[in-house]
Amino acid sequence: MPRKILLCLLASAALVACRQETAPAPAPVQAPPAHAFSSGIDAADFAELVKTLASDEFEGRAPGSHGEELTVAYIRDQMQRIGLQPGNGDSWFQDVPMTETIADPSTVLTLRHGDASRALGFGSDMVIGTRSGQPEVKIDASEMVFVGYGVDAPEQDWNDYAGQDWKGKTVVMFVNDPGFHVDDARLFEGKRMTYYGRWTYKFEEAARKGASAALIVHDTAGASYGWDVVRSSWGGAQYDLPAAGDKEPRLQAQGWLNAEAARQLFADAGLDLGKAYRDASKRGFKPVPLRTTLSLDLKSSITEKKSRNVVGVLPGSKRADEAVLYMAHWDHLGRHEGESHGADGGDDIYNGAVDNATGVAGILEIADAMAHQQPAPERSVVFLAVTLEESGLLGSQYYVNHPTFPLDKIAGVINIDAMSVSGRTRDMTVTGYGSSELEDILKPLAAEQGRSLHAESSVQSGFYFRSDHFNFAKAGVPALYAGGGQDLLEGGIEAGRKAAEAYGRDRYHSPRDEYDPATWKLDGTMEDLELLYGVGRELAGGESWPNWYQGNPFKANRDRMMEGRRTD
């Protein structure tokens with residue numbers, strides 16, 4: 001009998017016994033009063049929003065789950081409370097079609113080298129999945145080829161795929177950019193990851209080349225997260241936009257190898273993994289056959305579902321057809337039933353408090369401030385809570401493909417993803433610093449707080465390509481992704497570095513990412529929100545059309561988009 005039912009029965013029996021003894025009935029329990037929200041940006045309001053969104057009741061906010069139902073309803077209710085209007089016609093929601101794929105965790109990869117074969121286990125040695133939408137994918141004796149970093153970049157005079165037909169083959173590649181692992185600043189952008197370094201690009205390019213499967217060799221430095229993050233992120237349900245509506249080719253199977261499994265694979269082929277990193281960072285690298293074949297029988301449960309973006313709008317007082325857009329993703333990893341995280345690891349719910357209940361709370365707090373400011377914004381302000389960020393930025397991709405405002409009518413995008421809760425700082429991190437003229441608005445506002453702007457410290461991690469603003473950026477819309485800082489007022493840069501490392505090591509994509517009023521310091525979080533609110537306030541109250549800085553790869557798209565429109 002479930003424990004909850006047993007407790008209810010025991011409680012009922014106790015009440016019956018009391019009535020039989022004619023004891024006075026207990027006084028009714030009063031529900032705690034609802035939180036009284038104030039207008040504007042307020043730490044207590046922010047904490048209440050995060051606490052609710054990251055509660056166990058919301059079950060980790062997985063798309064397509066009961067947790068989604070609670071989450072999107074709660075966000076809608078908060079938008080209504082604030083005084084926003086439905087942002088998708090007469091609806092608060094934008095349906096996002098999705099395919100849920102859950103790979104059978106008993107799946108193995110069989111690698112055959114000569115007469116010897118080796119089985120790689122799911123989660124321990126590798127993770128594997130499919131975007132094909134097929135419940136069974138069979139690959140038999142596919143030739144495995146090492147393709148370096150899996151990059152075809154004509155402007156860099158670099159092509160790891162040159163000179164071969166890739167149909168039916170399995171490509172094996174490294175994460176990040178050429179030059180990263182050998183610290184060669186002359187290649188690509190040195191330590192700063194380009195889009196070629198992202199795992200999403202690598203799988204996309206392998207599919208364009210015609211490969212059947214692709215495997216990325218994991219290393220913590222190159223990926224910027226450990227194997228446990230790969231295992232947890234790929235170990236449950238995976239979501240995608242339906243394959244039928246995608247014009248781009250997709251691989252039959254794609255996944256990751258852990259470092260030890262890769263080392264053995266290379267050793268079987270007579271190669272040294274360390275030397276392979278060096279060779280792959282030399283111009284003129286040629287693909288290397290691994291003299292091994294891959295066989296796979298991947299069974300997956302496939303379910304067509306839908307998730308929802310939540311869209312609210314504050315109509316502009318003068319130019320309502322133009323917009324500023326704030327966004328944050330509401331989704332997280334849900335719950336992984338049956339997982340054990342040890343005595344101090346918590347339950348199986350991935351609450352996602354910092355990532356990204358803080359971002360959703362942030363845009364709601366800014367919405368409250370915008371709705372009550374005087375004078376009212378002249379441009380409309382859209383507040384967009386997107387789904388499926390953790391599954392490849394799919395909710396924002398869908399919105400960019402089906403915008404509620406034409407993209408050439410959006411003056412700028414401000415994305416909030418994983419706010420700092422470590423306290424006040426002397427600086428502010430702008431991920432992708434040096435990208436757009438939105439930074440020209442942010443800089444003097446930060447100076448008023450006594451803060452300076454700088455790029456993210458781990459430029460090698462490619463964070464600019466790992467959050468939802470990137471879909472707007474690719475389309476050409478200037479997008480700002482900023483927050484937190486490194487130089488804490490209490491403890492300086494060293495304390496800030498340790499706080500960031502501790503979050504990445506102990507809580508990111510873990511059940512430990514929970515709201516913690518005992519350790520969270522929200523004074524710095526409120527200062528960040530005030531700055532991001534200030535950028536939108538100025539943009540929504542003016543007539544300027546910020547662009548990307550000269551030399552930015554997204555500027556050409558914006559220029560084409562804005563052709564014929566006066567740009568200040």
Side-chain angles (χ1 to χ4, degrees), residues 60-65 98-109 119-135 137 139 150 170-176 198-204 206-207 213-220 222-241 243 250-262 294 296-303 329 331-341 348-350 352 355 387-394 461-462 465-466 504 508-511 513:
R61 305 189 306 277
S65 71
M98 66 177 185
T99 300
E100 179 190 74
T101 303
I102 304 176
D104 183 348
S106 66
T107 300
V108 298
L109 290 182
L120 303 184
F122 191 99
S124 55
D125 304 311
M126 59 82 188
V127 291
I128 196 77
T130 183
R131 297 182 62 221
S132 67
Q134 300 301 313
V137 171
I139 298 175
T170 295
V171 295
V172 179
M173 66 197 86
F174 295 144
V175 71
N176 219 300
R198 284 288 290 146
W199 60 268
T200 48
Y201 162 79
K202 295 177 187 296
F203 291 143
E204 291 165 1
L215 295 170
I216 296 174
V217 176
H218 174 265
D219 73 279
T220 298
S224 80
Y225 40 77
W227 181 253
D228 57 332
V229 173
V230 176
R231 183 173 56 234
S232 63
S233 298
W234 287 63
Q238 306 295 305
Y239 302 97
D240 213 330
L241 299 182
R250 298 189 180 189
L251 295 164
Q252 287 182 270
Q254 60 189 47
W256 295 72
L257 290 174
N258 75 11
E260 187 52 44
L294 176 146
L296 168 70
D297 186 357
L298 173 62
K299 294 182 174 63
S300 305
S301 65
I302 307 291
T303 309
H329 74 90
D331 65 301
H332 201 54
L333 302 179
R335 65 187 311 164
H336 294 200
E337 295 183 6
E339 282 192 3
S340 174
H341 294 276
D348 60 2
I349 298 174
Y350 287 68
D355 183 18
T387 183
L388 294 164
E389 188 269 354
E390 302 288 3
S391 301
L393 318 182
L394 302 180
S461 301
F465 314 112
R466 291 166 56 176
Y508 173 67
H509 281 203
S510 157
D513 186 7

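Residue numbers start at 1 and run along the sequence shown.
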TODO: Could you grab the distance from atom CD1 of Ile102 to atom OG of Ser300, nearest 0.5 Å is fine?
DONE: 9.0 Å

- [ ] Please round to the nearest 0.5 Å and tell me the distance separating atom CG of Leu294 and atom CE of Met126.
- [x]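 One gets 9.0 Å once the value is rounded to the nearest 0.5 Å.
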
Do you know which two heavy atoms are closest between [X] and [Y], and how far apart they sit?
X: Arg131; Y: Arg250; result: O-NH1, 3.0 Å
X: Ile349; Y: Gly60; result: CG2-N, 3.6 Å
X: Ser132; Y: Val137; result: OG-CG2, 3.8 Å
X: Gly255; Y: Ile128; result: N-CD1, 3.9 Å
X: Asp331; Y: Pro63; result: CB-CG, 3.9 Å
X: Ala214; Y: Leu251; result: CB-CD1, 3.7 Å

- [ ] Under the side chain to side chain donor-acceptor pair (under 3.5 Å) rule, collect the residues that match up with Ser391, sequence neighbours excluded.
- [x] none

TODO: Check step by step if side chain to side chain contact (heavy atoms under 4.5 Å, CB included) holds for Tyr350 and Ser232.
DONE: CA-CA 10 Å; Tyr350 287 68; Ser232 63; 3.8 Å; yes

Are the side chains of [Y] and [X] in contact, using a 4.5 Å heavy-atom criterion?
X: Leu394; Y: Met98; result: no
X: His329; Y: Asp355; result: yes
X: His509; Y: Glu390; result: yes
X: Leu215; Y: Leu109; result: yes
X: Trp256; Y: Val175; result: yes
X: Leu298; Y: Ile139; result: no

Please check: side-chain N/O of [X] versus main-chain N/O of [Y], any donor-acceptor pairing under 3.5 Å?
X: Asp125; Y: Leu120; answer: no
X: Asp240; Y: Thr99; answer: no
X: Thr130; Y: Gln252; answer: yes

Task: Mutual orientation of the aromatic rings belonging to Trp227 and His218 [parallel < 30°, tilted 30-60°, perpendicular > 60°] - done: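 Ring orientation of Trp227 relative to His218: perpendicular.
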
Open item on the list: Using 30° and 60° as the class boundaries, would you call the ring planes of Trp234 and Phe203 parallel, tilted or perpendicular?
Closed with: perpendicular

TODO: Could I get the full list of ring pair (Phe, Tyr, Trp, His ring centres under 6.0 Å) partners for Phe465, not counting sequence neighbours?
DONE: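 Phe465: ring pair (Phe, Tyr, Trp, His ring centres under 6.0 Å) contacts with Tyr195, Phe470.
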
